Amino acid sequence: MFQDNTITNSGNFTMLYQENPAVTVKASKNIIFKKNKYTGKAKQILIKDASLPKLKFK
């Protein structure tokens, strides 16, 4: 379980690749995101593979 976290860009450096997601999940089982926040400039927060079709960043 990934819970009660805030993910953000530090602001100390220019973001080089805004098209890259904040979180990437591949080949995993039983992952749960709960009560998390993202504040940043990434265009996508979560990229996941086909093994986790219902996974959402919450």
Side-chain angles (χ1 to χ4, degrees):
M1 175 159 316
F2 191 78
Q3 182 174 345
D4 295 320
N5 297 286
T6 299
I7 299 171
T8 186
N9 301 98
S10 69
N12 293 329
F13 303 97
T14 302
M15 192 171 176
L16 296 176
Y17 305 102
Q18 288 186 0
E19 65 277 2
N20 287 349
V23 178
T24 301
V25 179
K26 293 182 180 179
S28 298
K29 287 184 175 181
N30 303 322
I31 293 179
I32 298 171
F33 288 107
K34 188 175 179 182
K35 298 181 183 177
N36 296 291
K37 293 184 234 172
Y38 172 73
T39 58
K41 296 180 182 177
K43 293 179 181 179
Q44 290 184 304
I45 297 172
L46 175 66
I47 294 287
K48 60 192 179 204
D49 64 15
S51 68
L52 299 163
K54 295 182 182 180
L55 182 65
K56 293 183 181 181
F57 186 85
K58 299 178 189 178

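Treat the numbers as computed from the prediction; the structure is a model and nothing was measured. For this chain, numbers begin at 1 and follow the sequence in order. Values below: every heavy atom of this structure, side chains too, minus hydrogens, waters and symmetry copies.
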ask   = By side-chain contact (heavy atoms from CB on, under 4.5 Å), which residues pair with Asn36, not counting sequence neighbours?
value =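 Listed in chain order: Phe2, Asn5, Phe33, Phe57.
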Separation of [Y] [atom2] from [X] [atom1] (nearest 0.5 Å):
X: Lys34; Y: Ile31; atom1: NZ; atom2: CD1; value: 16.0 Å
X: Lys26; Y: Asp49; atom1: NZ; atom2: CG; value: 8.0 Å
X: Leu52; Y: Lys29; atom1: CG; atom2: NZ; value: 10.5 Å
X: Lys35; Y: Thr6; atom1: NZ; atom2: OG1; value: 13.0 Å
X: Thr8; Y: Lys41; atom1: OG1; atom2: NZ; value: 10.0 Å

Closest non-hydrogen atom pair, [X] against [Y]:
X: Ser51; Y: Ser28; result: OG-O, 3.9 Å
X: Ala42; Y: Ala22; result: CB-N, 4.2 Å
X: Leu55; Y: Lys48; result: O-NZ, 2.7 Å

query = Thr24 side chain to Ile47 main-chain N or O, any donor-acceptor pair under 3.5 Å?
reply =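 Answer holds: no.
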